[in-house]
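Read the structure below first, then the notes.
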Amino acid sequence: WAYSRRKNSKKSWTSCSVKELPAYSPIEIPRRTSGSLLPVKQASLRPMRTNFVNNKIVSFLALAGLYLFISLFKISLHKTSPYFDYKDDTALFGQEAGFQYRYAKMVGKGEDIPKIDYKAQYPEGLIVSKELTIFMEKVHGYSFRLVTFGLDIPFHIFLIYFICFFSSFSVLILYLLAQELYGNKMVSFIISLFYAFSWASFSRTVIGYQYEDFALGSLMDSVKTGK
């Protein structure tokens with residue numbers, strides 16, 4: 001219905017045909033109001049997915065590079081020590097580290113660790129299974145036998161590489177722990193970077209064979225998981 005005014009100024013209601021109404025073609029309807037929003041959503045999500053994948057790749061490469069660099073850095077410090085010799089391990093480790101190294105090398109060479117070690121404590125002897133924890137030494141010894149099967153690699157060389165790469169896992173675990181606390185990848189990476197190059201994190205690893213290099217990563221992971 002349309003409202004019109006005649007010449008006599010009288011108001012009346014007249015009908016008009018459909019053709020006189022303003023046509024609104026379905027083709028002119030914007031895509032957002034046509035009932036299907038799926039193409040628009042897909043187009044808007046593509047940049048977000050690309051950025052998410054790129055951030056994942058950049059974070060992985062940065063952490064992998066940091067892990068590899070600090071591991072090789074520790075190895076280079078080992079080799080610059082005056083006690084290091086590629087063929088001879090005499091006096092390489094001292095005190096507690098040398099005590100643990102002896103058992104690890106015995107396992108690596110296929111020798112049996114004595115139940116009562118008279119060389120460690122004389123004359124009464126040392127009951128190894130009761131007074132010592134030799135799990136770390138067994139892991140390194142059996143790993144040496146498994147990895148270097150048929151290869152002529154000195155045990156102390158293998159052990160240095162194993163210690164340096166294994167202890168550097170704490171850098172990765174610290175990154176995940178910082179990510180849980182702060183939720184920021186850049187902040188987490190900076191924290192891991194400062195830790196990796198702090199003297200306290202690797203000073204005892206260089207020319208050392210300590211339990212913390214074997215257990216620190218697990219301790220950090222237990223803090224992260226709460227187990």
Sorted by chain and residue number, the salt bridge (Lys or Arg N to Asp or Glu O under 4.0 Å) partners of Arg102 (sequence neighbours excluded) come out as Asp117
Between the main-chain N or O of Thr205 and the side-chain N or O of His78, is there a donor-acceptor pair closer than 3.5 Å? yes
Okay, side chain of Gln100, backbone of Tyr209: is any donor-acceptor separation there less than 3.5 Å? yes
Could you walk me through whether Phe158 and Ser143 pass the side chain to side chain contact (heavy atoms under 4.5 Å, CB included) test, one step at a time? CA-CA 9 Å; Phe158 167 82; Ser143 299; 3.9 Å; yes
Heavy-atom donor-acceptor pair, Thr148 side chain to Ile153 backbone, under 3.5 Å: no
Look at the side-chain heavy atoms of Ile, Leu, Val, Met, Phe, Trp and Tyr, link any pair under 4.5 Å apart, and say whether Phe189 and Tyr182 land in one connected group. yes
After noting the C-alpha distance and the side-chain angles of Phe84 and Ile160, does the key distance pass the side chain to side chain contact (heavy atoms under 4.5 Å, CB included) rule? CA-CA 10 Å; Phe84 175 81; Ile160 288 175; 3.7 Å; yes
Pair Phe99 and Tyr103, ring centroids less than 6.0 Å apart: yes
Give the cluster check for Ile127 versus Leu132: same hydrophobic cluster or not, with ILVMFWY residues linked at side-chain heavy-atom distances below 4.5 Å. no
Spacing of NZ belonging to Lys109 relative to CZ belonging to Phe155, to within rounding of 0.5 Å: 8.0 Å
Measure the CG-CG distance between Leu68 and Leu63 for me, rounded to the nearest 0.5 Å. 12.5 Å
Taking C-beta and beyond as the side chain, do Cys164 and Phe73 meet within less than 4.5 Å on heavy atoms? no
Measure the shortest side-chain to side-chain distance between Leu159 and Phe144 over non-hydrogen atoms and say whether it is less than 4.5 angstrom. no
Spell out, as yes or no, whether a donor-acceptor pair under 3.5 Å connects the side chain of Asp89 to the backbone of Leu92. no
So Phe202 and Trp199, would you call those rings parallel, tilted or perpendicular, with 30° and 60° as cut-offs? perpendicular
Can you check whether Glu137 reaches Tyr101 side chain to side chain, under 4.5 Å on heavy atoms? no
Check whether any side-chain heavy atom of Tyr67 lies under 4.5 Å from a side-chain heavy atom of Phe169, and answer yes or no. yes
Could you go through the side chain to side chain contact (heavy atoms under 4.5 Å, CB included) check for Ser192 and Ile190 one step at a time? CA-CA 5 Å; Ser192 301; Ile190 293 175; over 6 Å; no
I'd like to know if the side chain of Arg145 and the backbone of Val107 have a donor-acceptor N/O pair within less than 3.5 Å. yes
Is it the case that one hydrophobic cluster holds both Ile163 and Leu174, taking links as side-chain heavy atoms less than 4.5 Å apart, direct or via other members? yes
Looking just at side-chain N and O atoms, do Ser170 and Tyr195 make a donor-acceptor pair shorter than 3.5 Å? yes
If two hydrophobic side chains count as joined below 4.5 Å and joins carry through other members, does Phe194 share a cluster with Val171? no
Using modelled atom types and a 3.5 Å cut-off, is there a donor and acceptor pairing between side-chain atoms of Asp85 and backbone atoms of Lys87? yes
How about Phe197 and Phe69: are their ring centres within less than 6.0 Å of each other? yes
Aromatic ring proximity Tyr122/Tyr118, centre distance under 6.0 Å: no
When you measure from the side chain of His156 to the backbone N and O of Tyr86, does any donor-acceptor pair fall under 3.5 Å? yes
Let's go through Leu72 and Phe165 carefully: what are the C-alpha distance in whole Å and the side-chain angles of both, what is the deciding distance for side chain to side chain contact (heavy atoms under 4.5 Å, CB included) to 0.1 Å, and is it a yes or a no? CA-CA 8 Å; Leu72 296 177; Phe165 277 97; 4.0 Å; yes
Side-chain contact, heavy-atom cut-off 4.5 Å: Ser81 with Val206? no
Nearest 0.5 Å, what's the CD-CD distance between Glu131 and Gln121? 6.0 Å
Out of curiosity, does Ile134 fall in the hydrophobic cluster containing Phe166 (side-chain heavy atoms, cut-off under 4.5 Å, transitive links)? no
Check whether any side-chain heavy atom of Ile116 sits under 4.5 Å from a side-chain heavy atom of Val128, and report yes or no. no
Short side-chain donor-acceptor distance under 3.5 Å, Ser167 and Lys74: yes
Are the side chains of Ile75 and Tyr161 in contact, using a 4.5 Å heavy-atom criterion? yes
Are Ser188 and Glu180 packed together at the side-chain level, in the sense that at least one heavy-atom pair is separated by less than 4.5 angstrom? no
Atom CD of residue position Gln95 - does it have more than 12 heavy atoms of other residues, nucleotides or ligands inside 6.0 Å? no
